[in-house]
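Here is the structure we will look at, set down as C-alpha coordinates.
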Amino acid sequence: LAGGASRRMGTDKALIDVEGEPMALRVAGTLRRAGLDRVVLVGGAPRGLGLPHVPDLHPGEGPLGGIVAALADATTDSVFVVACDLARLDVPTVQALVAAAGVHDVTVARTHRTEPLCAVWRRSCLDRVREAFDAGERSPLRVLAGLDTVEVDVSPNALTNVNTPADLSLFRRPGN
(Lines give C-alpha, C1' and ligand atoms only; values in the text may rest on other atoms or scores of the structure.)
Protein backbone atom coordinates (compact mmCIF):
# COMPACT_ATOMS: atom_id res chain seq x y z
CA LEU A 1 0.00 0.00 0.00
CA ALA A 2 1.46 3.32 -1.07
CA GLY A 3 -1.49 5.64 -1.44
CA GLY A 4 -1.10 7.75 1.67
CA ALA A 5 -0.30 11.44 1.62
CA SER A 6 2.86 11.02 3.76
CA ARG A 7 1.86 14.16 5.69
CA ARG A 8 3.94 13.30 8.76
CA MET A 9 7.01 12.56 6.64
CA GLY A 10 6.62 15.62 4.44
CA THR A 11 7.63 13.68 1.31
CA ASP A 12 6.47 10.51 -0.45
CA LYS A 13 7.51 7.63 1.84
CA ALA A 14 7.45 5.12 -1.01
CA LEU A 15 10.38 6.95 -2.64
CA ILE A 16 12.54 7.55 0.43
CA ASP A 17 15.97 6.01 0.05
CA VAL A 18 16.56 3.20 2.51
CA GLU A 19 19.95 1.58 2.18
CA GLY A 20 20.23 2.44 -1.49
CA GLU A 21 16.70 1.83 -2.75
CA PRO A 22 13.25 3.40 -2.47
CA MET A 23 11.38 2.10 0.56
CA ALA A 24 8.54 0.65 -1.58
CA LEU A 25 11.05 -1.38 -3.62
CA ARG A 26 12.73 -2.58 -0.43
CA VAL A 27 9.39 -3.96 0.83
CA ALA A 28 8.57 -5.39 -2.63
CA GLY A 29 11.93 -7.17 -2.70
CA THR A 30 11.22 -8.78 0.66
CA LEU A 31 7.87 -10.05 -0.64
CA ARG A 32 9.55 -11.53 -3.72
CA ARG A 33 12.33 -13.17 -1.69
CA ALA A 34 9.60 -14.71 0.48
CA GLY A 35 8.18 -16.39 -2.63
CA LEU A 36 5.33 -14.08 -3.59
CA ASP A 37 5.04 -13.87 -7.37
CA ARG A 38 2.90 -10.84 -8.18
CA VAL A 39 3.88 -7.72 -6.26
CA VAL A 40 1.97 -4.53 -7.09
CA LEU A 41 1.96 -0.97 -5.84
CA VAL A 42 -1.53 -0.01 -4.67
CA GLY A 43 -2.58 3.62 -4.55
CA GLY A 44 -0.87 6.88 -5.25
CA ALA A 45 0.91 7.39 -8.55
CA PRO A 46 2.88 4.64 -10.36
CA ARG A 47 6.09 6.54 -9.45
CA GLY A 48 8.24 4.88 -12.12
CA LEU A 49 9.41 2.13 -9.77
CA GLY A 50 8.90 -0.65 -12.29
CA LEU A 51 6.11 -2.25 -10.25
CA PRO A 52 2.66 -2.88 -11.66
CA HIS A 53 0.31 -0.24 -10.28
CA VAL A 54 -3.25 -0.59 -9.03
CA PRO A 55 -4.96 2.77 -8.66
CA ASP A 56 -6.71 3.54 -5.41
CA LEU A 57 -10.46 3.22 -5.96
CA HIS A 58 -11.06 5.76 -3.17
CA PRO A 59 -8.15 8.25 -3.08
CA GLY A 60 -7.68 10.00 0.23
CA GLU A 61 -9.92 7.56 2.11
CA GLY A 62 -7.18 5.73 3.99
CA PRO A 63 -5.64 2.27 3.94
CA LEU A 64 -8.95 0.40 4.04
CA GLY A 65 -9.67 1.83 0.59
CA GLY A 66 -6.31 0.47 -0.54
CA ILE A 67 -7.18 -2.96 0.84
CA VAL A 68 -10.45 -2.87 -1.11
CA ALA A 69 -8.52 -1.95 -4.29
CA ALA A 70 -5.96 -4.73 -3.71
CA LEU A 71 -8.64 -7.37 -3.11
CA ALA A 72 -10.67 -6.20 -6.12
CA ASP A 73 -7.58 -6.48 -8.33
CA ALA A 74 -6.49 -9.87 -6.97
CA THR A 75 -5.96 -12.79 -9.31
CA THR A 76 -5.36 -15.23 -6.45
CA ASP A 77 -7.42 -16.38 -3.45
CA SER A 78 -5.25 -14.41 -1.02
CA VAL A 79 -3.44 -11.09 -1.03
CA PHE A 80 -0.52 -10.17 1.18
CA VAL A 81 -1.21 -6.54 2.11
CA VAL A 82 1.66 -4.52 3.52
CA ALA A 83 2.29 -0.82 4.02
CA CYS A 84 5.23 0.53 2.04
CA ASP A 85 6.68 2.09 5.19
CA LEU A 86 7.47 -1.20 6.98
CA ALA A 87 11.12 -0.86 6.05
CA ARG A 88 12.31 -3.76 8.22
CA LEU A 89 9.80 -6.32 6.99
CA ASP A 90 11.67 -9.60 6.65
CA VAL A 91 11.24 -12.88 4.79
CA PRO A 92 10.54 -15.01 7.92
CA THR A 93 7.65 -12.70 8.87
CA VAL A 94 6.09 -12.88 5.42
CA GLN A 95 6.53 -16.65 5.27
CA ALA A 96 5.05 -17.15 8.76
CA LEU A 97 1.91 -15.21 7.82
CA VAL A 98 1.51 -17.04 4.50
CA ALA A 99 2.02 -20.44 6.18
CA ALA A 100 -0.63 -19.68 8.82
CA ALA A 101 -3.19 -18.25 6.40
CA GLY A 102 -5.31 -21.35 5.83
CA VAL A 103 -9.01 -20.60 5.48
CA HIS A 104 -9.19 -17.52 7.71
CA ASP A 105 -10.44 -14.25 6.21
CA VAL A 106 -7.36 -12.45 7.50
CA THR A 107 -4.07 -13.68 8.94
CA VAL A 108 -2.55 -10.68 10.64
CA ALA A 109 0.82 -9.87 12.17
CA ARG A 110 0.86 -9.10 15.87
CA THR A 111 3.47 -7.78 18.26
CA HIS A 112 2.16 -5.81 21.25
CA ARG A 113 -0.57 -4.71 18.82
CA THR A 114 -2.32 -6.08 15.77
CA GLU A 115 -1.04 -4.75 12.42
CA PRO A 116 -3.71 -5.10 9.69
CA LEU A 117 -1.33 -3.50 7.19
CA CYS A 118 0.89 -6.56 7.38
CA ALA A 119 -1.54 -9.38 6.76
CA VAL A 120 -2.85 -11.98 4.37
CA TRP A 121 -6.38 -11.02 3.31
CA ARG A 122 -8.55 -13.60 1.51
CA ARG A 123 -10.33 -12.35 -1.55
CA SER A 124 -13.51 -14.04 -0.32
CA CYS A 125 -13.94 -11.32 2.33
CA LEU A 126 -13.97 -8.48 -0.25
CA ASP A 127 -17.74 -7.99 -0.15
CA ARG A 128 -17.76 -7.68 3.64
CA VAL A 129 -14.78 -5.31 3.63
CA ARG A 130 -16.36 -3.22 0.87
CA GLU A 131 -19.69 -3.16 2.74
CA ALA A 132 -17.97 -1.82 5.87
CA PHE A 133 -16.09 0.74 3.77
CA ASP A 134 -19.28 1.86 2.00
CA ALA A 135 -20.95 2.24 5.41
CA GLY A 136 -18.24 4.74 6.38
CA GLU A 137 -15.71 2.58 8.18
CA ARG A 138 -12.11 3.58 7.50
CA SER A 139 -10.23 1.59 10.14
CA PRO A 140 -8.82 -1.74 8.95
CA LEU A 141 -8.44 -2.72 12.61
CA ARG A 142 -12.16 -2.28 13.29
CA VAL A 143 -13.04 -4.23 10.13
CA LEU A 144 -11.04 -7.19 11.46
CA ALA A 145 -13.55 -7.53 14.31
CA GLY A 146 -16.21 -8.65 11.83
CA LEU A 147 -14.00 -11.15 10.02
CA ASP A 148 -12.55 -14.58 10.80
CA THR A 149 -9.11 -13.42 11.85
CA VAL A 150 -6.09 -15.23 13.20
CA GLU A 151 -3.09 -13.40 14.66
CA VAL A 152 0.51 -14.52 14.22
CA ASP A 153 3.14 -13.27 16.65
CA VAL A 154 6.07 -11.71 14.80
CA SER A 155 9.21 -9.81 15.72
CA PRO A 156 8.47 -6.18 16.62
CA ASN A 157 11.51 -5.23 14.55
CA ALA A 158 9.80 -6.51 11.38
CA LEU A 159 6.93 -4.07 11.90
CA THR A 160 9.02 -0.93 12.34
CA ASN A 161 7.11 1.92 10.69
CA VAL A 162 9.01 4.79 9.14
CA ASN A 163 6.36 7.53 9.29
CA THR A 164 8.24 10.68 10.24
CA PRO A 165 11.67 12.24 9.71
CA ALA A 166 12.48 11.26 13.32
CA ASP A 167 11.55 7.62 12.58
CA LEU A 168 13.78 7.71 9.50
CA SER A 169 16.68 9.18 11.46
CA LEU A 170 16.32 6.48 14.13
CA PHE A 171 16.06 3.79 11.44
CA ARG A 172 19.27 5.01 9.79
CA ARG A 173 21.21 5.23 13.06
CA PRO A 174 23.96 2.57 13.19
CA GLY A 175 22.98 -0.40 15.31
CA ASN A 176 19.25 0.07 14.82
Side-chain angles (χ1 to χ4, degrees), residues 1-4 6 12-110 114-133 140 143-144 147-152 154-155 158-162:
L1 299 179
S6 300
D12 188 349
K13 290 188 289 186
L15 299 177
I16 289 177
D17 182 277
V18 176
E19 297 176 357
E21 65 183 334
M23 192 159 21
L25 286 182
R26 179 183 175 93
V27 172
T30 299
L31 296 173
R32 286 191 181 115
R33 286 189 305 281
L36 303 182
D37 295 327
R38 183 172 182 251
V39 178
V40 302
L41 192 64
V42 178
R47 299 176 177 94
L49 294 173
L51 293 171
H53 178 253
V54 173
D56 198 333
L57 301 175
H58 308 280
E61 293 293 325
L64 190 60
I67 292 169
V68 169
L71 291 172
D73 180 71
T75 58
T76 57
D77 290 337
S78 298
V79 175
F80 196 104
V81 173
V82 63
C84 74
D85 61 5
L86 293 181
R88 286 202 173 113
L89 182 68
D90 57 29
V91 169
T93 298
V94 174
Q95 290 174 335
L97 288 164
V98 170
V103 297
H104 302 285
D105 291 330
V106 185
T107 303
V108 61
R110 185 175 77 84
T114 302
E115 180 49 81
L117 302 185
C118 184
V120 179
W121 292 71
R122 290 191 52 86
R123 207 166 124 213
S124 59
C125 71
L126 172 59
D127 290 341
R128 289 172 284 155
V129 174
R130 185 180 282 142
E131 182 178 299
F133 184 87
V143 168
L144 291 180
L147 300 173
D148 174 21
T149 303
V150 64
E151 295 179 341
V152 175
V154 302
S155 165
L159 298 186
T160 300
N161 284 87
V162 180

Quick check for you: to the nearest 0.5 Å, what is the distance between R122 atom CZ and R128 atom CZ? 10.0 Å
Determine the minimum heavy-atom distance between A158 and T93, stating which atoms define it. CB-OG1, 3.3 Å
Is the shortest heavy-atom distance from the side chain of F133 to the side chain of V143 under 4.5 Å? no
So, the side chain of T149 versus the backbone of L144: is there a donor-acceptor pair under 3.5 Å, distance only? yes
Check D105 against S124 and note the closest heavy-atom contact, atom names and distance. OD1-OG, 4.3 Å
Got R47 and L41 here, is their nearest side-chain heavy-atom distance under 4.5 Å? yes
For L71 and R123, the nearest pair of non-hydrogen atoms, with its separation, is O-CG, 3.6 Å
Quick one: CG on L36 to OG on S78, what's the gap to the nearest 0.5 Å? 10.5 Å
R88 side, atom CZ; L159 side, atom CG - distance, nearest 0.5 Å: 11.5 Å
Under 3.5 Å, is there a donor-acceptor pair between the side chain of H53 and the main chain of G43? yes
Going from CZ on R26 to CG on L89, what distance comes out if it is rounded to the nearest 0.5 angstrom? 9.5 Å
Which pair of heavy atoms, one from A14 and one from P22, lies closest together, and at what distance? O-CB, 3.4 Å
Using side-chain heavy atoms (C-beta onward) and a distance below 4.5 Å, is E115 in contact with N161? yes
Answer whether the closest heavy-atom distance between the side chains of T30 and L86 falls below 4.5 Å. no
Considering all heavy atoms, the nearest E151-R110 contact: OE1-CD, 2.6 Å
Close side-chain approach of L1 and L117, heavy atoms under 4.5 Å: yes
What pair of heavy atoms forms the shortest contact from L31 to V94, and how long is it? CD2-CG2, 3.9 Å
Within the 4.5 Å heavy-atom criterion, are V42 and I67 side-chain neighbours or not? no
Looking at D73, T76, V79, which hits side chain to side chain contact (heavy atoms under 4.5 Å, CB included) with R38? D73
E61 and V68, any side-chain heavy atoms less than 4.5 Å apart: no
Is there a side-chain contact between V40 and L51 (heavy atoms, below 4.5 Å)? no
To the nearest 0.5 Å, how far apart are CZ in R130 and CG in L64? 11.0 Å
